[in-house]
Amino acid sequence: MPRSNIKTSKSKTLRLATYNINGIRSRTERLLDWLEREQPDVVCLQELKAEDSAFPALKLRQAGYYAIWHGQRSWNGVAILARDAQPIELRRGLPGFADPHSRYLEAAAHGIIVACLYLPNGNPITGPKFSYKLDWFARLNAHAANLYTSEHPVVLAGDFNVVPTDFDIYDPKSWRRDALLQPQTRECFRQLLAQGWLDALRALHPDERIYTFWDYFREHWPRNAGLRIDHLLLNRTVAPRLQAAGVDSWVRGEPGASDHAPTWIELADAVPELEKGSSKKSAPKQSALKRAAPKKQPTARARATGKR
DNA sequence: ATGCCGAGCATCGCTCGA
């Protein structure tokens, strides 16, 4: 499927995606299929569930992607891939935090600083896992405050394990006691956005039901009973370049799929420094947002049959 | 309140995810 079908601009763009792959060893072929079809420039992966030595670096390299990764046996694990360029690692783990889990990688790739994060799930809410989630979130927000004001373009991308509002879930009733919907969890996310970060998918599609995760239970995928928990947040430097955003939900309908689908944004090429300073043509934020045409998610039937 | 599915491992039954 050529990407030009969904492009909204003739100018060159950069596509960044985040994808909770739920076990990279059992899903390497699925990953390669998606990369070949969608050709993202930068990819954040979560839940590798594999040690560093089991990361399929050679197969990815043969597909044109260089990578850095922080694996872990059984659980967690994050990676950043870049097409035709080696990501430059900037950080492994949040600052000042000896986290026993592999949940955070930060790198420069294709002129963007990308933070790939896998925020703790936090269930059950009556115990140490929920405390760990809130603690992790607070440390992320402290670090994000510095990234937001950076002169460099920064994107926070990953599985945040937060359903930001009741509009981001098919039906909140059976999830009321889940860590993903707790008021404390949502307050952490609200505080993060209050730093100024732009929630790219919601900004471009304010009135659209968008899901990035459909669990394996109760026919949730065929019924399109999903949650929006994978997010791409843009700092003030990069936000004016946002052109499009969406979910590759077709991936969720493939045999042996992860319970998440890849979620992506497209950014306009950086405005050259000379033009940025001297020209009034530099697009303000609002017009950059309006440029992007809303992209509908396919119907449940279309997804179930693999068509768009 | 629990299981429903799926990956992974202390692999013929459990933990964890969300």
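We use all heavy atoms of the structure for the numbers below, so side chains are in, but hydrogens, waters and symmetry mates are not. Numbered from 1 within each chain, the chains take letters A, B, ... in sequence-line order. Fair warning: this is a prediction, and the values are worked out from it, not measured in the lab.
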Legend entry - Side-chain N,O (A:Arg73) to OP1/OP2 (B:dA10) below 4.0 Å: yes

Legend entry - Between B:dG6 (P) and A:Glu254 (CD): distance, integer Å: 15 Å

Inset, instruction - Give the rounded distance in Å between these two atoms: CZ of A:Arg27 and C1' of B:dG8. - result: 12 Å

Legend entry - Span that lies between the P atom of B:dC14 and that of B:dC4, in whole angstrom: 12 Å

Inset, instruction - State whether the distance check finds a donor on one side and an acceptor on the other, under 3.5 Å, for side chain A:Arg25 versus base B:dG8. - result: no

Inset, instruction - Find which nucleotide of DNA chain B each of A:Arg218 and A:Ile229 is nearest to by heavy atoms, and output the residue with the more 5' nucleotide. - result: A:Arg218

Legend entry - Counterpart residues, salt bridge (charged side-chain N to carboxylate O under 4.0 Å, His left out), relative to A:Arg177 (two or more places apart): none

Legend entry - C1' spacing across the pair B:dA10 / B:dT15, given as an integer number of angstrom: 11 Å

Which pairs would a plain distance check flag for residues 193-201 of chain A, meaning a side-chain donor or acceptor within less than 3.5 Å of a matching protein atom at least two apart in sequence or in another chain?
{"from": "A:Gln195", "atom 1": "OE1", "to": "A:Ala145", "atom 2": "N", "distance (Å)": "3.2"}
{"from": "A:Gln195", "atom 1": "OE1", "to": "A:Trp197", "atom 2": "NE1", "distance (Å)": "3.0"}
{"from": "A:Gln195", "atom 1": "NE2", "to": "A:Asn141", "atom 2": "O", "distance (Å)": "2.9"}
{"from": "A:Asp199", "atom 1": "OD1", "to": "A:Arg228", "atom 2": "NH1", "distance (Å)": "3.1"}
{"from": "A:Asp199", "atom 1": "OD2", "to": "A:Arg228", "atom 2": "NH1", "distance (Å)": "3.4"}
{"from": "A:Asp199", "atom 1": "OD2", "to": "A:Arg228", "atom 2": "NH2", "distance (Å)": "2.9"}

Inset, instruction - Indicate yes or no: does A:Asp135 engage A:Arg139 in a salt bridge with an N to O separation below 4.0 Å. - result: yes

Inset, instruction - Using a cut-off of strictly less than 4.0 Å, decide whether A:Arg177 has a side-chain nitrogen or oxygen near OP1 or OP2 of B:dT2. - result: no

Legend entry - Mutual orientation of the aromatic rings belonging to A:Phe97 and A:Tyr132 [parallel < 30°, tilted 30-60°, perpendicular > 60°]: tilted

Inset, instruction - Would you kindly say whether A:His260 and A:Gln46 are connected by a side-chain donor-acceptor distance under 3.5 Å? - result: no

Legend entry - Cationic N near anionic O, under 4.0 Å, A:Arg202 to A:Asp168: yes

Legend entry - Under 4.0 Å protein heavy-atom contact, by nucleotide of nucleotides 11-17 of chain B - B base, S sugar-phosphate only: ----BSB

Legend entry - side chain to side chain donor-acceptor pair (under 3.5 Å) partners for A:Trp69, two or more places apart: none

Legend entry - Residues forming a side chain to side chain donor-acceptor pair (under 3.5 Å) with A:Asp178, sequence neighbours excluded: A:Asn123

Inset, instruction - Determine the stems involving DNA chain B; a stem requires 3 or more consecutive pairs of the Watson-Crick or G-U wobble kind, each with both distances below 3.5 Å, and the answer is none if no such run exists. - result: B:5-9 with B:13-17

